[in-house]
Amino acid sequence: METKELEKDFLTMVEAQKRTIYKVSYIYANDQDDLNDLFQETVLNLWKSFPRYRGDSKLTTWVYRIAMNTCITFLRRSNARPQTVPMTANVASMAADEDTTGQLRELYRLINQLGKLERALILLWLEERSYEEIADILGITKTNVAVKLNRTKEKLKKMSNR
């Protein structure tokens with residue numbers, strides 16, 4: 001594939017997948033600087049891998065996998081687990097009203113207290129991904145997705161009742 005054509009295809013793909021990249025980066029970010037770094041690092045890793053993408057999996061599955069691996073690697077390198085996830089105006093503006101915004105803040109606060117795999121599971125579930133797609137992205141079985149997701153939902157319920 002010619003370089004110009006590859007660049008054009010890549011930019012089109014990033015434009016189509018930027019919400020996915022943002023959401024994954026957001027869930028793992030400590031602050032706006034981390035969010036920007038994670039987003040840029042993910043795009044860089046996508047660029048490095050783009051010529052080798054063969055279409056064996058759905059594009060969104062491939063993007064999720066690279067984004068999550070990038071974020072988890074970033075956390076390992078920084079050796080810091082985020083304690084809070086700030087709500088930005090962009091995400092808050094998606095809410096219909098202040099009550100919904102408060103509920104979103106609380107949900108993200110609780111999700112941020114989960115482990116890496118639990119966060120990834122909940123993020124993908126909230127994105128309404130199928131169990132099969134979640135299994136492909138995370139590299140676990142569909143049955144394991146169901147079990148872990150149920151446990152994670154129960155954990156979130158208990159955390160919210162404290």
Does E7 CD have over 12 foreign heavy atoms under 6.0 Å away?
-> yes
Hits for salt bridge (Lys or Arg N to Asp or Glu O under 4.0 Å) against E128, two or more places apart or cross-chain, chain-then-number order -> none
| query | Cluster question for you: counting only ILVMFWY and a side-chain heavy-atom cut-off of under 4.5 Å, with indirect links fine, are V147 and L149 together? | reply | no
K8 and E5 ion-paired at < 4.0 Å: no
* Should V63 and V24 be marked as a side chain to side chain contact (heavy atoms under 4.5 Å, CB included) after you check the CA-CA gap, both sets of side-chain angles, and the distance that decides it? -> CA-CA 10 Å; V63 169; V24 174; over 6 Å; no
Quiz item: Heavy atoms, side chains only, cut-off 4.5 Å: are M159 and L114 in contact?
Solution: yes
Rounded to the nearest 0.5 angstrom, the CD1-OG1 distance for I66 and T61 is 11.5 Å
All heavy atoms of N144 vs all of I140, minimum pair found to be ND2-CB, 4.1 Å
d(R109 CZ, L107 CG) to nearest 0.5 Å is 10.5 Å
Verify whether the ring centers belonging to F39 and Y26 lie closer than 6.0 Å.
no
To the nearest 0.5 Å, atom CD1 of I122 lies from atom CD1 of I27 at 9.5 Å
Residues passing the salt bridge (Lys or Arg N to Asp or Glu O under 4.0 Å) test with K157, sequence neighbours excluded, are E154
Quick note, side-chain hydrogen bond (donor to acceptor under 3.5 Å, both in side chains) partners involving residues 35-51, not counting sequence neighbours, are Q32-N36, N45-T70
**Prompt:** Can you hop from L44 to F10 via hydrophobic side chains spaced under 4.5 Å?
**Reply:** no
- Is any side-chain heavy atom of Y64 closer than 4.5 Å to a side-chain heavy atom of I134? no
Between S25 and C71, the two heavy atoms sitting closest are CA-SG, 3.9 Å
Heavy atoms of Y28 and K116 approach each other most closely as OH-O, 3.2 Å
Separation between OG1 (T20) and CE (M68), nearest 0.5 Å, reads 9.5 Å
By side-chain contact (heavy atoms from CB on, under 4.5 Å), L117 pairs with (sequence neighbours left out) L121, L138, K148
Hits for salt bridge (Lys or Arg N to Asp or Glu O under 4.0 Å) against K155, two or more places apart or cross-chain, chain-then-number order -> E118
* Do the non-hydrogen side-chain atoms of V145 and W125 ever get within less than 4.5 Å of each other? -> no
Would you say that more than 12 heavy atoms from the other residues, nucleotides or ligands in this model lie under 6.0 Å from the NZ of K142, or not? no
Contacts of K18 meeting salt bridge (Lys or Arg N to Asp or Glu O under 4.0 Å) (sequence neighbours excluded), chain-then-number -> E15
So the salt bridge (Lys or Arg N to Asp or Glu O under 4.0 Å) pairs with at least one residue in residues 49-63 (sequence neighbours excluded) are R54-D56, K58-E133
Please answer: with hydrophobic residues joined when any side-chain heavy atoms are less than 4.5 Å apart, are Y22 and L59 in the same cluster? yes
Quick one: sort the W62 and Y53 rings into parallel, tilted or perpendicular, breaks at 30° and 60°.
tilted
Would you say that I21 contacts L46 through its side chain, given a criterion of any heavy-atom pair below 4.5 Å between the two side chains? yes
